[in-house]
Amino acid sequence: MWTECDGKRASANEIGSCLFENLQSLDAKIKNVTFYSDCCLGQNLNQYVCSLLMHAGSEQPIIEYKINV
């Protein structure tokens, strides 16, 4: 995990890669992962992160995605 001070502004590809890597490394005992996001298009609702979560969810059907509006 890093802050904006450490990593500057990370791109959606970098964030997506980190999310995917962490999902891949989860213990098999974990049965549910919930993502929460706000309505910020640049950070959470962009096509790269949404596509990544759809792909990861098709491989591991443990993902739940909630959007706070």
Side-chain angles (χ1 to χ4, degrees):
M1 186 180 304
W2 67 90
T3 67
E4 287 182 13
C5 296
D6 298 327
K8 310 290 184 258
R9 288 189 64 171
S11 72
N13 290 337
E14 291 171 311
I15 299 299
S17 294
C18 290
L19 290 173
F20 192 70
E21 184 176 318
N22 280 296
L23 286 170
Q24 295 277 316
S25 66
L26 290 176
D27 190 300
K29 296 176 187 175
I30 296 176
K31 301 297 180 196
N32 187 34
V33 176
T34 303
F35 288 94
Y36 289 92
S37 68
D38 58 14
C39 288
C40 180
L41 292 173
Q43 294 175 11
N44 303 312
L45 298 179
N46 62 63
Q47 64 184 352
Y48 302 110
V49 173
C50 289
S51 295
L52 164 92
L53 292 174
M54 287 176 57
H55 173 73
S58 69
E59 289 187 354
Q60 297 175 320
I62 62 172
I63 296 173
E64 182 178 11
Y65 189 61
K66 297 183 177 185
I67 302 170
N68 298 323
V69 278

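- Considering only residues two or more places apart in sequence or on other chains, T34 meets the side chain to side chain contact (heavy atoms under 4.5 Å, CB included) condition with N32, Y36, E64, K66.
- Shown here are the side chain to side chain contact (heavy atoms under 4.5 Å, CB included) partners of F35, two or more places apart in sequence or in another chain: L19, L23, V33, L53, I63, Y65.
- In this structure, the side chain to side chain contact (heavy atoms under 4.5 Å, CB included) partners of Q24, at least two apart in sequence or on a different chain, are F20, E59.
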